[in-house]
Enquirer: 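The structure's right below; bear with me while I get my questions together.
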There are 2 protein chains.
Amino acid sequence: MSSTNNINTEEKILSAAAEIFQEKGYDGARMQEIADKANINKGLLHYYFKTKDILFDAIFSIALKRMVSNIHSILAMELPLEEKMDMIIDGYMNLLLRNATLPRFVINELSKDADRFIAKHLNSSANSIFIDFDASVKKEVNAGRIKQIDSRHLFMNLISLIVFPFVGKPMLQVIISIDNKEFHALMQERREAVKSFMKMALRP
Amino acid sequence: MSSTNNINTEEKILSAAAEIFQEKGYDGARMQEIADKANINKGLLHYYFKTKDILFDAIFSIALKRMVSNIHSILAMELPLEEKMDMIIDGYMNLLLRNATLPRFVINELSKDADRFIAKHLNSSANSIFIDFDASVKKEVNAGRIKQIDSRHLFMNLISLIVFPFVGKPMLQVIISIDNKEFHALMQERREAVKSFMKMALRP
DNA sequence: GTCTATATCATGATAGAC
DNA sequence: GTCTATCATGATATAGAC
């Protein structure tokens, strides 16, 4: 019997649902397609997750945490600014090279009703960790070790350089006209490219 | 009678559809909601645009062109690299400050089936304009006027810094924890922030 | 051109046998 | 737990009166 089967089936569902939801979004995803991908039928799918919303929330919650927990834990560390930034670059690039559609999914669903999702899925305690980053930047600026810059723009620049190429891939490919293979090679190099670009921009 | 009414109604539909599709995407948009926003009924909506797909294509085509035509025309110009980049920053930031949801919409729908959309909506002649940018960068690098850098990464960096904050707004707000008002103020400053960041990074 | 009413179909969800 | 119906809803699309 089936305490083992339970787990296998539920995991099969979650894994299938993650793929479908990430690829097509909540609105585009079909319970039938998720059931097919998990090799079960709709009835059983609804047995494990009563509604599409409940299943979606399970997937989205994991995705959102994956997307922000890295950065929160790094920002909370006691480290020099440069090391913090390098760690963020390494951490995110590793994550995104493995799961390129994650940020687009999170951003999209978040943008439908950000407040609701944040309240629902995030321990609001995670608040205001950014003030540490801000303090780091001001310290480095005052010590003359980096150029004067607004820490919020600096932070946005950092995240933009890392995340956007993955999110905006289809648009970038239209403009630059490179194929998937070239694109992938470019992303492999990008970890170091972003690190050096940030350092170049900040040198006094 | 109604040659005037035609135009007004069609424009009302296009304007309503643009709002709804951009906000909710193809899958999330409802013909009923578009009809409501245009102050007509579903029957009339289908009289002007036989299917949802046809209406969507009309909207998406405009959005895609708006998103890439700027940049294509600028890249095609005979101008020093720095001026080119400043023009791209100004052009895009103006566009996005006026229509912040445009890039997310384009990227999303594009990512569903990039090839189909590109073939359908873009004169494929627009190809390979990027080689001009590449040549500009190499010239500046060889002349020692900017730091050594891969032109494709440089281009990605430029677009990322401009576009991502608008696309990733909900996620950035989760991490930085700023409200809409602060965010808007930040975007107002950002035009100059990006210009100076790019120049700082490239100085030899 | 514009409206109301309706056909058609797809989807999320449930009921009930095994 | 798993499956096979089946229901109920809501969405696109059409028909036909005005």
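Below, each value reflects all heavy atoms present in this structure, side chains not excepted, and no hydrogens, waters or symmetry copies. Just so we're on the same page: letters track the sequence lines, and every chain starts at 1.
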Enquirer: I'd like to check the side chain to side chain contact (heavy atoms under 4.5 Å, CB included) partners of A:Ser69; sequence neighbours left out, ordered by chain and number.
Expert: none

Enquirer: For B:Thr51, give me all partners under side chain to side chain contact (heavy atoms under 4.5 Å, CB included), at least two apart in sequence or on another chain.
Expert: B:Asp53, B:Ile54

Enquirer: Could you tell me which residues satisfy side chain to side chain contact (heavy atoms under 4.5 Å, CB included) with B:Glu33, sequence neighbours excluded, listed by chain and number?
Expert: B:Ile20, B:Lys24, B:Arg30

Enquirer: So that I can tick it off, tell me whether B:Asp132 and B:Lys84 are bridged by a salt bridge, with the cut-off set at under 4.0 angstrom between side-chain N and carboxylate O.
Expert: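 The answer is no: the pair does not qualify as a salt bridge.
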
Enquirer: Tell me: CD of B:Glu10 to C1' of C:dT2, nearest whole Å?
Expert: 15 Å

Enquirer: Round to a whole Å and report the spacing from CG of B:Leu44 to P of D:dT12.
Expert: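 Value for this atom pair: 16 Å.
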
Enquirer: Should B:Tyr47 be listed as having a side-chain N or O under 4.0 Å from OP1 or OP2 of D:dA13?
Expert: no

Enquirer: Could I get the full list of side chain to side chain donor-acceptor pair (under 3.5 Å) partners for A:Asn99, not counting sequence neighbours?
Expert: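 Not a single residue meets the side chain to side chain donor-acceptor pair (under 3.5 Å) criterion with A:Asn99.
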
Enquirer: Using OP1 and OP2 only, check whether a side-chain N or O of B:Thr9 sits under 4.0 Å from C:dT2.
Expert: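 Yes, such a contact exists.
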
Enquirer: Taking only side-chain nitrogens and oxygens of A:His46, does any of them come within less than 4.0 Å of OP1 or OP2 of C:dA13?
Expert: yes

Enquirer: In whole angstrom, give the distance that lies between atom CZ of B:Phe49 and atom P of C:dT2.
Expert: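 Going from CZ in B:Phe49 over to P in C:dT2 covers 13 Å.
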
Enquirer: State which residues pass side chain to side chain contact (heavy atoms under 4.5 Å, CB included) with B:Ser196; sequence neighbours excluded, sorted by chain then number.
Expert: none

Enquirer: Under the rule for side chain to side chain donor-acceptor pair (under 3.5 Å), what residues qualify as partners of B:Lys199, not counting sequence neighbours?
Expert: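 B:Lys199 satisfies side chain to side chain donor-acceptor pair (under 3.5 Å) with B:Asp86 once adjacent residues are dropped.
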
Enquirer: Considering only heavy atoms, which members of residues 12-34 of chain B lie under 4.0 Å from some atom of DNA chain C?
Expert: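 Those residues whose heavy atoms fall under 4.0 Å from DNA chain C, taken from residues 12-34 of chain B, amount to none.
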
Enquirer: Tabulated below should be each protein N or O lying under 3.5 Å from an N or O of nucleotides 6-9 of chain C; please produce it.
Expert:
none

Enquirer: Hey, are the side chains of B:Val68 and B:Val106 touching, using non-hydrogen atoms and a 4.5 Å cut-off?
Expert: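 No, too far: nothing below the 4.5 Å cut-off.
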
Enquirer: Quickly work out the A:Ile40 CD1 to D:dT4 P distance and round it to whole Å.
Expert: 12 Å

Enquirer: Measure from the side chain of B:Tyr48, starting at C-beta and using heavy atoms only, and say which of D:dA13, C:dT2, D:dT14 lies closest.
Expert: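 For the B:Tyr48 side chain, the nearest candidate turns out to be C:dT2.
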
Enquirer: Bend angle of the helix from C:dG1-D:dC18 to C:dC18-D:dG1 from five-pair axes at both ends, rounded to 10°?
Expert: 10°

Enquirer: What is the distance from CG of B:Asp36 to P of D:dA11, rounded to the nearest Å?
Expert: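 It is 11 Å, rounded to the nearest whole Å.
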
Enquirer: Which residue pairs satisfy the ring pair (Phe, Tyr, Trp, His ring centres under 6.0 Å) criterion with at least one member in residues 7-46 of chain A, sequence neighbours excluded?
Expert: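 Listed by first then second residue: A:Phe21-A:Phe56, A:Tyr26-A:Phe56.
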
Enquirer: Just to confirm, is there a sub-4.0 Å distance from OP1 or OP2 of D:dC3 to any side-chain nitrogen or oxygen of A:Asn41?
Expert: yes

Enquirer: Enumerate donor-acceptor pairs with a distance under 3.5 Å from any side-chain N or O in residues 148-155 of chain B to protein atoms, sequence neighbours excluded.
Expert:
unit_1: B:Asp150; atom_1: OD1; unit_2: B:Arg152; atom_2: N; d: 2.7
unit_1: B:Asp150; atom_1: OD1; unit_2: B:Arg152; atom_2: NE; d: 3.3
unit_1: B:Asp150; atom_1: OD2; unit_2: B:Arg152; atom_2: NH2; d: 2.9
unit_1: B:Ser151; atom_1: OG; unit_2: B:Asp134; atom_2: OD1; d: 2.5
unit_1: B:His153; atom_1: ND1; unit_2: A:Arg190; atom_2: NH1; d: 3.0
unit_1: B:His153; atom_1: NE2; unit_2: A:Glu189; atom_2: OE1; d: 3.0

Enquirer: Run the side-chain donor-acceptor check on residues 162-175 of chain A: report pairs under 3.5 Å with partners two or more places apart or on a different chain.
Expert:
unit_1: A:Lys169; atom_1: NZ; unit_2: A:Asn180; atom_2: OD1; d: 3.0
unit_1: A:Gln173; atom_1: NE2; unit_2: A:Ile178; atom_2: O; d: 3.3
unit_1: A:Gln173; atom_1: NE2; unit_2: A:Asp179; atom_2: O; d: 3.4
unit_1: A:Gln173; atom_1: NE2; unit_2: A:Asn180; atom_2: OD1; d: 3.3

Enquirer: Can you measure B:Leu45 atom CG to D:dA11 atom C1' for me and round it to whole angstrom units?
Expert: 13 Å

